[in-house]
Amino acid sequence: MRTKIEEIVQSEISKEAKFWYKSPACSKTRENTFAKEILKEKNLKKLDEIIQINRENYNVNHTGKTKNESSNRLEERIALDLFNRKDHLSFGEIIDYQIPLKSKQTDKGIGKIDLLAYDRSKKVLTLLELKRPDSEETLLRALLEIYTYSKIVCDKKLKNSYADVDPNSNIEKAVLIFKDSYAYREYEKACADKENSNLYNLIKKLNVKIYCLNFGFTVTEYK
């Protein structure tokens with residue numbers, strides 16, 4: 001007989017894979033069961049088959065300023081700060097933020113890529129999902145979100161949208177979390193039990209990198 005959590009997970013897994021990251025099954029009490037279910041071959045296939053949205057240009061010429069200077073949206077502030085610093089971090093330099101994925105208004109429920117980084121020396125373009133330091137969202141949600149966006153985006157057109165990006169560059173996907181945040185503690189726990197952790201195994205299966213952001217905005221890559 002299924003538990004209540006298992007029933008919720010089974011209900012959510014039957015929905016479109018591109019919306020799994022928004023699912024209540026990603027919550028703290030259900031994430032382990034959900035991650036275990038996603039690891040099944042048939043469900044990994046659903047993720048892999050998420051349909052791309054054909055957008056012609058992703059660069060909307062952000063200036064590094066916000067229209068609302070009094071905004072207290074912390075994630076937006078952090079993204080703007082990282083963009084304006086022009087630092088070369090572990091994944092390269094932040095070259096854009098809040099990259100739109102929609103092609104038309106009817107592309108409902110589709111969000112934006114938080115950050116786009118480019119390492120010119122390695123020719124690697126990285127899609128980053130940023131989580132604020134006080135976020136209570138699970139790492140599973142962030143993981144599914146950036147993976148979903150990596151399937152929706154058109155790689156060729158994304159690279160062509162930025163003049164300094166080599167069209168032969170590789171594209172990677174990553175989650176950027178703050179040290180000591182909830183997601184950080186989750187990942188520490190997953191790494192400590194690699195063989196048995198559904199979350200750790202899913203991170204590796206989806207080939208998503210995890211980066212830790214310190215409050216001074218130095219970055220560490222986790223292996």
[atom1]-[atom2] distance between [X] and [Y], expressed to the nearest 0.5 angstrom:
| X | Y | atom1 | atom2 | value |
| --- | --- | --- | --- | --- |
| Q52 | L101 | CD | CG | 10.5 Å |
| E75 | L176 | CD | CG | 10.0 Å |
| I5 | T29 | CD1 | OG1 | 5.0 Å |
| E129 | S150 | CD | OG | 11.5 Å |
| I95 | L116 | CD1 | CG | 4.5 Å |
| L44 | K205 | CG | NZ | 6.5 Å |

Test log, rule salt bridge (charged side-chain N to carboxylate O under 4.0 Å, His left out), inputs K189 and E186: CA-CA 5 Å; K189 184 178 178 181; E186 279 188 299; over 6 Å; no

Look only at the side chain of [X] and the backbone of [Y], and say whether a donor-acceptor pair between them is shorter than 3.5 Å.
| X | Y | answer |
| --- | --- | --- |
| Y97 | G64 | yes |
| N43 | L39 | no |
| E93 | D87 | no |
| Y58 | C154 | yes |
| R141 | S27 | no |
| W20 | A25 | no |

Derivation of the side chain to side chain donor-acceptor pair (under 3.5 Å) call for T126 and Y118: CA-CA 6 Å; T126 302; Y118 188 52; over 6 Å; no

Quick check: do [X] and [Y] have side-chain heavy atoms less than 4.5 Å from each other?
| X | Y | answer |
| --- | --- | --- |
| N59 | L158 | no |
| I177 | I210 | yes |
| Q10 | I13 | yes |
| Y21 | L143 | no |
| L144 | F34 | yes |
| T33 | N198 | no |
| I99 | D114 | no |
| I8 | R30 | yes |

Heavy-atom closest contact ([X] atom, [Y] atom, distance):
| X | Y | answer |
| --- | --- | --- |
| A17 | T148 | O-OG1, 4.3 Å |
| A35 | L140 | N-CD2, 4.1 Å |
| N57 | S161 | OD1-OG, 3.0 Å |
| K159 | N168 | NZ-C, 4.5 Å |
| S197 | A190 | OG-CB, 3.4 Å |
| L80 | K65 | CD2-N, 4.1 Å |

Report yes or no: do [X] and [Y] form a side-chain donor-acceptor pair below 3.5 Å?
| X | Y | value |
| --- | --- | --- |
| T138 | Y182 | no |
| D96 | Y162 | yes |
| D81 | N84 | no |
| N54 | K157 | yes |

Is it true that [X] and [Y] have a side-chain N and a carboxylate O under 4.0 angstrom from each other?
| X | Y | answer |
| --- | --- | --- |
| K28 | E31 | no |
| K46 | E49 | no |
| R120 | D164 | yes |

Taking the six-membered ring for Trp, are Y187 and Y200 parallel (under 30°), tilted (30 to 60°) or perpendicular (over 60°)?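 Y187 and Y200: parallel rings.
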
How far apart are the C-alpha atoms of K151 and D48, what are their side-chain angles, what is the distance that settles it, and do they pass the salt bridge (charged side-chain N to carboxylate O under 4.0 Å, His left out) test? CA-CA 7 Å; K151 301 301 292 184; D48 190 52; 3.0 Å; yes

For residues H62 and F83, establish whether the separation of their ring centroids is below 6.0 Å.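 H62 vs F83: aromatic centres not under 6.0 Å.
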
Is the centre of the Y184 ring less than 6.0 Å from the centre of the F178 ring?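 Ring-ring flag for Y184/F178: false, centres at least 6.0 Å apart.
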
Take K18 and I50, measure what side chain to side chain contact (heavy atoms under 4.5 Å, CB included) needs, and give me the verdict at the end. CA-CA 6 Å; K18 68 179 180 180; I50 290 174; 4.0 Å; yes

Using the rule given for side chain to side chain contact (heavy atoms under 4.5 Å, CB included), can you reason through K123 versus D119, listing the C-alpha separation, both sets of side-chain angles and the distance that settles it, and then say yes or no? CA-CA 6 Å; K123 294 183 180 179; D119 189 321; over 6 Å; no

Does the pair I78 and L213 meet the rule for a side chain to side chain contact (heavy atoms under 4.5 Å, CB included), with working shown? CA-CA 11 Å; I78 294 168; L213 188 65; 4.3 Å; yes

Can you hop from V124 to L128 via hydrophobic side chains spaced under 4.5 Å?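 Shared cluster, no.
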
Using a 6.0 Å cut-off, check whether atom NZ of K86 has over 12 heavy atoms from anything other than its own residue.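 For K86, atom NZ is crowded (more than 12 foreign heavy atoms under 6.0 Å).
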
Walk me through it: do R132 and E76 pass the test salt bridge (charged side-chain N to carboxylate O under 4.0 Å, His left out)? CA-CA 9 Å; R132 55 188 286 167; E76 180 184 359; over 6 Å; no

L125/D166 under side chain to side chain contact (heavy atoms under 4.5 Å, CB included): CA gap, chis, key distance, verdict: CA-CA 9 Å; L125 193 64; D166 189 307; over 6 Å; no

